[in-house]
Amino acid sequence: MSSDIRVRFAPSPTGYLHIGGARTALFNWLFARHHGGKLVLRVEDTDQARNTEEAAAAIYDGLKWLGLDWDEGPEAGGDFGPYFQSERHEIYERHLKKLQDGGHTFEDNGAVRFRSPREHVVVDDLVCGQIDFDLTNPETHPDMTVRRPDGSWIFHFVNVVDDIEMKISHVIRGEDHLSNTPKHIELYRALGATPPRFAHIALIHNKDGSKMSKRDQGASVDYYIKRGYLAPAVRNYLCLLGWSPKDNREKLPIEEIVRIFDLKNVVRSNATFDPAKLHWLNGEYAREVGEVEFNSMGLAALKAAGVKWEEYPEEYVRAALQTCQGKINTFDELPAYGGFYFTDDIVFNPEGVAQHFTAENRPRLEAVRGAFAALESFSAAAIETTLKASAGNLGVKVGALVHPTRLAVTGSNAGPSLYHLLEVLGKEKVLARIDRALSLFS
RNA sequence: GACCCUAUCGUCCAGUGGCCUAGGACACCGCCCUUUCACGGCGGCGACACGGGUUCGAAUCCCGUUAGGGUCGCCA
């Protein structure tokens, strides 16, 4: 399906993809994909920063990770390039000439400024509705500069020129640009162009209500990549920030969101980023990913935490990780959750020790050890049967044996299914760990 | 300060004049399930910022106030 709909994401190369920018890119992407239009990626590097390519690469990485592919732009090419503003001087020059020829500019200390027509401008925003701006007063709405004395360009101008040249039909961007829009519209008109449709989406805030900025933890997409979040989960969560399917569904496949996405359903008020909800959503996705993906994500997280799983047999590693799936929400929780599989140097939880390594429990753990030692097949089923039989013999609840045993073998009060974890660990290791734990009893 | 946007549970969303004693999700708290922790199930806590209108009837419409956010750059 072809369409004249063309949208763009136009970040400046800051070296990382801001979560708010990601959401803006996402909404542009959804809009483009929904309508069968095109998404253009344009790098706004008018400042001609040194390492533009490198800094921009970080943004590509973030977009790619989120699965937001662009149809035109860096790495993709296209008929409306170049896609770096620093390479578009001639184009800006041409439009400036047009502006000057039309008598829309004046010089001010070497800078070129655009003379506002001084009228009311109505912005008909797809999200915010019709807004009437009164630009008649130069005191409150000064004429904007278009070009500096040193020849470099001002954002507003190049932004508008590029959108004209790239035939952008819809500008979907952050609400922080809403107040600038009437000025942009004046520029479009002075350049003889029809303004695109605008859609300003509300900003994303921190818990304390402040605008999310680079300083804030979790403000960069990279943060979630490093912490082992799943891209579909982060993307799904971002969709929910300012948009909803209107039927109370929270977890939706991206294909479904593309299908039903509509700017009409975009909320007008600011949203607060809620890490807890993302954490939950990620867990929902982590529970349903395939074994292969779960394990590879898990191994990456273990490696990042310095856990040396490479020294263990492949089958052991695979089985160990599988006992953890369904239990953790994000992969950065894995080292603490299942790290005991990959070291014999168990660190015991102090509260657990005080609670379970008691004089009363000593003979119980010894009994468990004895029963395990006598086991032919060290399978989860056999272990369970044995442990329950031991509890029966001792006249105690199963829990009275489970807790000390778990603590002795893993050092923790919580973890994967005890029976399965013991099976994975194997008889030899289990007995050795119980012996060591026994020596720690008060 | 001027201009603009916004205003429903702590948070994210439903709700567009009567179906609302306001619904869902996250978080939190109970109970159940259970070898732990999770998951899951059940239940609880919890909001229409305030004041005026309009209307037979307002969370929903209008005005004002307050609050939050944004923009007013030779930053992007």
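Below, chains carry the letters A, B, ... as their sequence lines are ordered, and counting in each starts from 1.
Summarising the geometry, the separation between CG on L238(A) and P on C12(B) is reported as 14 Å, rounded to the nearest angstrom. Rounded to whole angstrom, the span from the CH2 atom of W280(A) across to the P atom of C37(B) amounts to 22 Å. Between the CD atom of E284(A) and the C1' atom of A38(B) there is a distance of 11 Å, given to the nearest Å. For the pair D45(A) CG and C75(B) P, the computed distance is 16 Å after rounding to whole Å. For the pair E175(A) CD and G69(B) C1', the computed distance is 7 Å after rounding to whole Å. Between the NE2 atom of H141(A) and the P atom of G73(B) there is a distance of 10 Å, rounded to whole Å. Put simply, CG on N413(A) is 12 Å from P on A38(B), counting in whole angstrom units. L365(A) has its CG atom 15 Å from the C1' atom of U36(B), to the nearest Å.
Across all strands, G415(A) comes closer than 4.0 Å to base atoms (heavy-atom distances). Within 4.0 Å (heavy atoms only), H200(A) reaches no atom of the nucleic acid at all. If you check every strand for non-hydrogen atoms under 4.0 Å, D108(A) touches a base. No contact: N329(A) has no heavy atom under 4.0 Å from any strand. Residue-level contact check: L418(A) touches the bases, meaning some heavy atom is under 4.0 Å from a base atom. Heavy atoms of G242(A) sit under 4.0 angstrom from primed sugar atoms or phosphate atoms, though from no base atom. Across all strands shown, S269(A) has heavy atoms under 4.0 Å from sugar-phosphate atoms exclusively, and none from any base. Backbone-only contact: V267(A) has heavy atoms under 4.0 Å from sugar-phosphate atoms and none from a base. At the heavy-atom level, N180(A) lies under 4.0 Å from base atoms of the strands shown. Within 4.0 Å of R147(A), counting heavy atoms only, lies no atom of the nucleic acid at all. In this structure, H279(A) reaches neither bases nor backbone, as no heavy-atom distance under 4.0 Å exists between it and the strands shown.
For U34(B), there is no paired nucleotide, since no Watson-Crick or G-U wobble pair has both relevant distances below 3.5 Å. Within the shown strands, G64(B) is the pairing partner of C50(B) under the Watson-Crick or G-U definition, both distances less than 3.5 Å. Base pairing of A22(B) is not made with any nucleotide, judged by Watson-Crick or G-U wobble geometry with both donor-acceptor distances under 3.5 Å.
A donor N or O paired with an acceptor N or O is found under 3.5 Å between the base of U35(B) and the side-chain atoms of S417(A). No N or O donor and acceptor, one from the side chain of K246(A) and one from the base of A14(B), sit under 3.5 Å apart. A donor N or O paired with an acceptor N or O is found under 3.5 Å between the base of U36(B) and the side-chain atoms of K327(A). Contact annotation: side chain of Y337(A) to base of C37(B), donor-acceptor pair present below 3.5 Å. Looking at N248(A), its side chain comes within 3.5 Å of the base of G23(B) through a donor and an acceptor atom.
Side-chain proximity of F133(A) to the nucleotides A76(B), U35(B), C4(B) is greatest for C4(B). With C75(B), A14(B), G10(B) as the candidates, the nucleotide lying closest to the side chain of S244(A) is A14(B). Considering only the side chain of F155(A), A76(B) comes nearest among A76(B), U35(B), C37(B). Checking U35(B), A25(B), A76(B) against every side-chain atom of H156(A), the shortest atom distance belongs to A76(B). Counting only heavy atoms from C-beta on, R148(A) has its side chain closest to C74(B) among U35(B), U71(B), C74(B). When distances are taken from the side chain of S179(A) to each of A76(B), G10(B), G70(B), the shortest belongs to G70(B).
Centroid-to-centroid, the aromatic rings of F27(A) and H170(A) stay 6.0 Å apart or farther. Close placement of the H184(A) and H156(A) rings is indicated, their centers lying within 6.0 Å of each other. Separation of the Y229(A) and Y285(A) ring centroids does not fall under the 6.0 Å cut-off. Aromatic ring centres of W153(A) and Y92(A) lie closer together than 6.0 Å. A distance of 6.0 Å or more separates the ring centres of Y16(A) and Y223(A).
Residue R249(A) places no side-chain N or O under 4.0 Å from the OP1 or OP2 atom of G24(B). OP1 or OP2 of U35(B) sits under 4.0 Å from a side-chain N or O of K388(A). An OP1 or OP2 oxygen of A25(B) is reached within less than 4.0 angstrom by no side-chain nitrogen or oxygen of K251(A). Contact annotation: T46(A) side-chain N/O to A76(B) OP1/OP2 distance is under 4.0 Å. Considering only side-chain N and O atoms, R268(A) lies nowhere under 4.0 angstrom from the phosphate OP1 or OP2 of C4(B). Contact annotation: T145(A) reaches the phosphate of C74(B) (side-chain N/O to OP1 or OP2, under 4.0 Å).
Taking atom C1' in both G1(B) and U55(B), one finds a spacing of 39 Å when rounded to whole Å. When the P atom is used for both G68(B) and A27(B), the distance is 29 Å, rounded to whole Å. A gap of 7 Å separates the P atoms of C9(B) and C48(B), to the nearest Å. Nucleotides C42(B) and U21(B) place their C1' atoms 22 Å apart, quoted to the nearest Å. The separation of C75(B) from A38(B), taken at their C1' atoms, amounts to 48 Å, rounded to a whole angstrom. Between the C1' atoms of U16(B) and C72(B), the separation comes to 33 Å (whole Å).
At least one test fails for K327(A) against the ring of Y337(A): distance under 6.0 Å to the centre or angle within 45° of the axis. Judged by a 6.0 Å distance limit and a 45° cone about the ring axis, K429(A) is positioned over the six-membered ring of Y316(A).
When the shell of 6.0 Å around NZ of K246(A) is examined, it contains more than 12 heavy atoms from other residues, nucleotides or ligands.
Between L203(A) and P142(A), it is L203(A) whose nearest contact on RNA chain B lies nearer the 5' terminus. Mapped onto RNA chain B by nearest heavy atom, H420(A) and P149(A) fall at different nucleotides, with H420(A) at the one closer to the 5' end.
In plain terms, the two heavy atoms of G228(A) and N282(A) that are nearest each other are O-ND2, 4.2 Å.
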